2 protein chains.
Amino acid sequence: MGHKPRKEMIAETRAKLVAAARHAFGSVGYAEASMDDFTASAGLTRGALYHHFGDKKGLLQAVIAEIDAEMLARLKIVSARADTLWQGFVDECTAYIEMALEPEIQRIVLRDGPAVLGDPSQWPSQNECIRSMSENLQKLRDEGTIVAVDPEAAARLVSGASLHAAQWIANSENPEATSKKAVKAFNMLLEGLLRQGRRIGRPQATAEADKSPA
Amino acid sequence: MGHKPRKEMIAETRAKLVAAARHAFGSVGYAEASMDDFTASAGLTRGALYHHFGDKKGLLQAVIAEIDAEMLARLKIVSARADTLWQGFVDECTAYIEMALEPEIQRIVLRDGPAVLGDPSQWPSQNECIRSMSENLQKLRDEGTIVAVDPEAAARLVSGASLHAAQWIANSENPEATSKKAVKAFNMLLEGLLRQGRRIGRPQATAEADKSPA
DNA sequence: TAATTGACATACGCGCCGTATGTCATTATC
DNA sequence: GATAATGACATACGGCGCGTATGTCAATTA
């Protein structure tokens, strides 16, 4: 009777290891997390870990992949329910900042991840979030909402600003006030992307995208 | 004869340790840098290190403080020789990106630093760079060049975008082309800060800062 | 039923970190 | 100017955590 199939047991083991590592990495950090400790907390040993993930870095990769998949799913939901593309883009940026406020994401994805695995722009997972944002910007450019600018470049700048804003907010002594200031300034920056005609409350004109103050 | 005074010998020892650690951290990374190894390369032992810096993290703090002081000095030079405040600000941002392209800064300050010491916005040193940029933005606001926005918030967003742009550029397969795209998009974003009347090639008007598309 | 695979556990060694202790020169005290 | 005291280091010690090598036992395959 009830013995589960092999594949399922294995997947379960992997999931347990990822979950235990995710908790350990998120609470005490990657460097301080003892493999013996958190494998034991999953009812396993380091043997299982090395068998499935190769080494500690491999486990971190798996954990980050899981978190990043969740982030991507959440972003897609946010942008999908907006009325306009631009609204969806702005909402997505806001959601990005809010996610970056979560301690687990900050610690694992934003701090330990880059230190252990190298620059995030090279991760296959992280690129999915960027790619999602790039696609939105591409559409916005096609429909004429934003100026002629490289979508990926804009996406990376915007995500960079978002992430740092989140770090700043999360560590400030008054997150509420800081958040308001950050969002306001953030919207100012985003207006730099909008074509003049689309800027709310501002006069209409044709923009010459290539001329800039620098 | 020539025996140097005590204080000088001590300062020399500290400097040698910082230099050796800086080299080790910058080349193999913080985690992989063996204290026994790089203290030996400075002709010393871990005893000296623990005496002067408390622990490995203390040394990293000292290394980062040194690097950050150099960065701040370079930024001040750049912004000081510009004709206008705005030009100085833009030049400073560009210099910021260029510095973030240097492998040593990327590794020590941008990746290992945050992982080991926590969020950079809490570092006394990093705050000096931000503060420098904030002061410039404050002046720009006072003279009416940019819209009414919190200077520190804008400074953090801009530096965040700059840093991520630099990471992206440094790790791209074609840094030249990537850099061009990033700088162009970056200038677009910065235009969001400029008041309408100041935007080059664009019509003049008064701006209502509090209204944004979001 | 015998052979093989593979998912784990156990055992071992090494490197690295932090601390506790020791040594020797310099500085202060008289 | 002799002695005590401080402080800048080196040495010695213990432990922990990682990676690897090896073992075991169930599940598949033939």
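Protein chains get the first letters and strands the later ones, always in sequence-line order, with residue 1 at the start of each. What you see below is based on every heavy atom in this structure, not just the backbone, and it leaves out hydrogens, waters and symmetry mates. Fair warning: this is a prediction, and the values are worked out from it, not measured in the lab.
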* Answer whether the closest heavy-atom distance between the side chains of A/I64 and A/L117 falls below 4.5 Å. => yes

* Side-chain donor or acceptor of B/N171 paired with backbone N/O of B/Q167 under 3.5 Å -> yes

* **Nucleotide nearest B/I10 (side chain, heavy atoms from C-beta), chosen from C/dC8, D/dC18, D/dC9** => D/dC9

* Asked: Heavy-atom contacts under 4.0 Å between residues 31-54 of chain B and DNA chain C, which residues?
  -> B/A33, B/S34, B/M35, B/R46, B/Y50

* Candidate pair B/E152 and B/S134, rule side-chain hydrogen bond (donor to acceptor under 3.5 Å, both in side chains), full reasoning -> CA-CA 5 Å; B/E152 187 184 0; B/S134 299; 5.8 Å; no

* Asked: Which whole-number value in Å describes the distance from A/E8 CD to C/dG6 P?
  -> 20 Å

* Structure fact -> In whole angstroms, the gap separating P of C/dG18 from CG of B/L59 amounts to 11 Å

* Asked: Within this structure, what is the NZ-to-C1' distance between A/K16 and C/dC8, rounded to whole angstrom?
  -> 12 Å

* **Distance, rounded to the nearest Å, where B/Y30 contributes OH and C/dC17 contributes P** => 8 Å

* Look at the aromatic rings of B/F25 and B/F38 and report parallel, tilted or perpendicular, splitting at 30° and 60°. => perpendicular

* Just wondering, more than 12 heavy atoms not from A/N174 lying within 6.0 Å of its CG? -> yes

* To do: Flag the pair B/R131 and B/E135 as a salt bridge only when some basic side-chain nitrogen lies within less than 4.0 angstrom of an acidic carboxylate oxygen.
  => yes

* Determine: side-chain N/O of B/K56 to OP1/OP2 of C/dC17, distance under 4.0 Å, yes or no. => yes

* Provide, to the nearest angstrom, the distance between the CE atom belonging to B/M9 and the C1' atom belonging to D/dA8. => 11 Å

